[in-house]
Amino acid sequence: MKFRPGGNAVQILVGLAVASPLAFVWPLFAWVLLAAAVALGVAAIVDLRRVRPLMNRVTVRRAMPAIIGRAAPLEVQLTIHNGNDVPIRGEVRDQHPRSATPRLVVFHIG
């Protein structure tokens, strides 16, 4: 499993990048940007440390038929089991072989 930054983190980073030219007009704003970037980094590390132990108890199983016919639909079943006491919300991305259409399927959980 891979951890990727969430939508809120990406939006904050884009906001910081868009606001960064203000540091040339108001030099004190550079310190505000630096403080915001450090706070975002600390929040990401804290979040990762909280999520990583939870992810050790999440299992994903893929079931596919043993024989697949040509020009027949391929039915793939993903089973996600959460062995934690707390609910988990996230996104599952399943990448199919190059010849499949569509190649990437995204499911939202929670």
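All values below were derived from every heavy atom in this structure, side-chain atoms included, with hydrogens, water molecules and symmetry-related copies excluded. This is a predicted model, so every value here is computed, not measured. Throughout, numbering of the chain's residues begins at 1 and tracks the sequence.
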Over 12 non-hydrogen atoms of neighbours within 6.0 angstrom of CG in D85:
no
Give every donor-acceptor pair under 3.5 Å between a side-chain atom in residues 11-37 and any protein atom, sequence neighbours left out.
residue, atom, partner, partner atom, Å
S20, OG, A17, O, 2.7

Side chains of T59 and I80, heavy atoms from C-beta outward: is any pair under 4.5 Å?
no
By side chain to side chain contact (heavy atoms under 4.5 Å, CB included), E75 pairs with (sequence neighbours left out) none
List the residues meeting salt bridge (charged side-chain N to carboxylate O under 4.0 Å, His left out) with R61, not counting sequence neighbours, and say none if there are none.
none
After noting the C-alpha distance and the side-chain angles of T79 and V60, does the key distance pass the side chain to side chain contact (heavy atoms under 4.5 Å, CB included) rule?
CA-CA 6 Å; T79 304; V60 179; over 6 Å; no
Are L40 and V46 in one and the same hydrophobic cluster, where Ile, Leu, Val, Met, Phe, Trp and Tyr link if side-chain heavy atoms are under 4.5 Å apart?
yes
With sequence neighbours excluded, tell me which residues meet side chain to side chain donor-acceptor pair (under 3.5 Å) with N84.
N82
R62: side chain to side chain contact (heavy atoms under 4.5 Å, CB included) partners, not counting sequence neighbours
M64, V76, L78, D94
